[in-house]
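No hydrogens, no waters, no symmetry mates; every other heavy atom, side chains included, goes into these values. FYI, the numbering just counts along the sequence from 1.
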Amino acid sequence: MKPIKRTILIAFTSIYLLMVFFTSISLNIAFKKRIEIKWVKISIRSISVLNALVVYGLVIINLVNPFAWNNFSVESFYSERVDGRIFNAYFRPVGAYAGGEGNFWITEIPKFLPFIEIEKFHDNAVLWDFRATEWEGEPVNQNEVVKDYIKDNVLAKDDN
């Protein structure tokens, strides 16, 4: 796995957790401190409440559907459990002259940190279209194709 992408992922998670932490602190300060000027007190409290609604709303959306954010930007998304490990696979099609059908990457979700994804495999020019429903007249089960990619490109490398 590329160290830069892992660093970006860890930084994003840290920023997300810091936002939740600072939102909790700002709510605590806004409602426990005595402020004499009425308009300042109202504006600080309303900004803190609006900030808390947005941050905690995103947390709730992520808990209800952890794939909600990812589905906005990718064409195909698969979540697979292989050998007791949880993997997510993403596919984003590319333009006509890119050399392949699109970008494909596989991430793993650690058991004890389900809000972190660690990239395990990435291919900028994958030669398979994960949006296809059939190949040469036969129906295609894309979940099985993704499981094969995981077994061949992630688990086989982990065994070595």
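Here CD of Glu134 is found 8.5 Å from CD of Glu138. Values are rounded to the nearest 0.5 Å. Rounded to the nearest 0.5 Å, atoms CH2 (Trp105) and CG (Asn153) are 15.5 Å apart. Rounding to the nearest 0.5 Å gives a distance of 8.5 Å between CD1 of Ile150 and CG of Asn88. Summarising the geometry, atom OG belonging to Ser24 is positioned 10.0 Å from atom CG belonging to Asn51; distances are rounded to the nearest 0.5 Å.
For the side-chain contact (heavy atoms from CB on, under 4.5 Å) test, residues two or more places apart in sequence or in another chain that qualify with Phe21 are Ile25. Judged as a side chain to side chain donor-acceptor pair (under 3.5 Å), and not counting sequence neighbours, the contacts of Arg85 are Glu108, Asp158. Residues forming a side-chain contact (heavy atoms from CB on, under 4.5 Å) with Asn143 (at least two apart in sequence, or on another chain): Tyr78, Glu80, Asn141. Checked against side-chain contact (heavy atoms from CB on, under 4.5 Å), Ile47 has no partners two or more places apart in sequence or in another chain. With sequence neighbours left out, the salt bridge (charged side-chain N to carboxylate O under 4.0 Å, His left out) criterion links Arg45 to no other residue.
Contacts classified as ring-ring contact (aromatic ring centres under 6.0 Å, His included) and involving residues 136-159 (residues at least two apart or in different chains) are given here: Phe104-Tyr149, Phe130-Tyr149.
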Open item on the list: For a side-chain contact (heavy atoms from CB on, under 4.5 Å) check, start with the C-alpha distance between Trp128 and Val140, then their side-chain angles and the critical distance, and finish with the verdict.
Closed with: CA-CA 12 Å; Trp128 180 259; Val140 175; 3.7 Å; yes
Open item on the list: Between Leu155 and Asp83, is the side-chain contact (heavy atoms from CB on, under 4.5 Å) condition met? List the steps.
Closed with: CA-CA 9 Å; Leu155 299 178; Asp83 293 341; 3.3 Å; yes
Task: side-chain contact (heavy atoms from CB on, under 4.5 Å) evaluation trace for Leu27 with Phe22 - done: CA-CA 9 Å; Leu27 278 174; Phe22 285 129; over 6 Å; no
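In terms of hydrophobic clustering, with Ile, Leu, Val, Met, Phe, Trp and Tyr side chains grouped at heavy-atom distances under 4.5 Å, Ile42 and Ile37 are assigned to different clusters.
Asp152 is not listed as a side-chain neighbour of Phe121, based on a closest heavy-atom distance of 4.5 Å or more. Contact annotation: the side chain of Thr107 approaches that of Tyr90 to within less than 4.5 Å [non-hydrogen atoms, C-beta and beyond]. At least one side-chain heavy atom of Ile118 sits less than 4.5 Å from a side-chain heavy atom of Pro110.
Taking all atoms of both residues into account, the shortest heavy-atom contact from Asp123 to Val126 is OD2-CA, 3.5 Å. Shown here for Val82 and Phe87, the closest heavy-atom pair between the two residues is O-CE1, 4.0 Å. Taking each heavy atom of Thr23 and Ala52 in turn, the nearest pair found is CG2-CA, 3.4 Å. Considering all non-hydrogen atoms of both residues, Ser26 and Ser48 come closest at O-OG, 3.6 Å.
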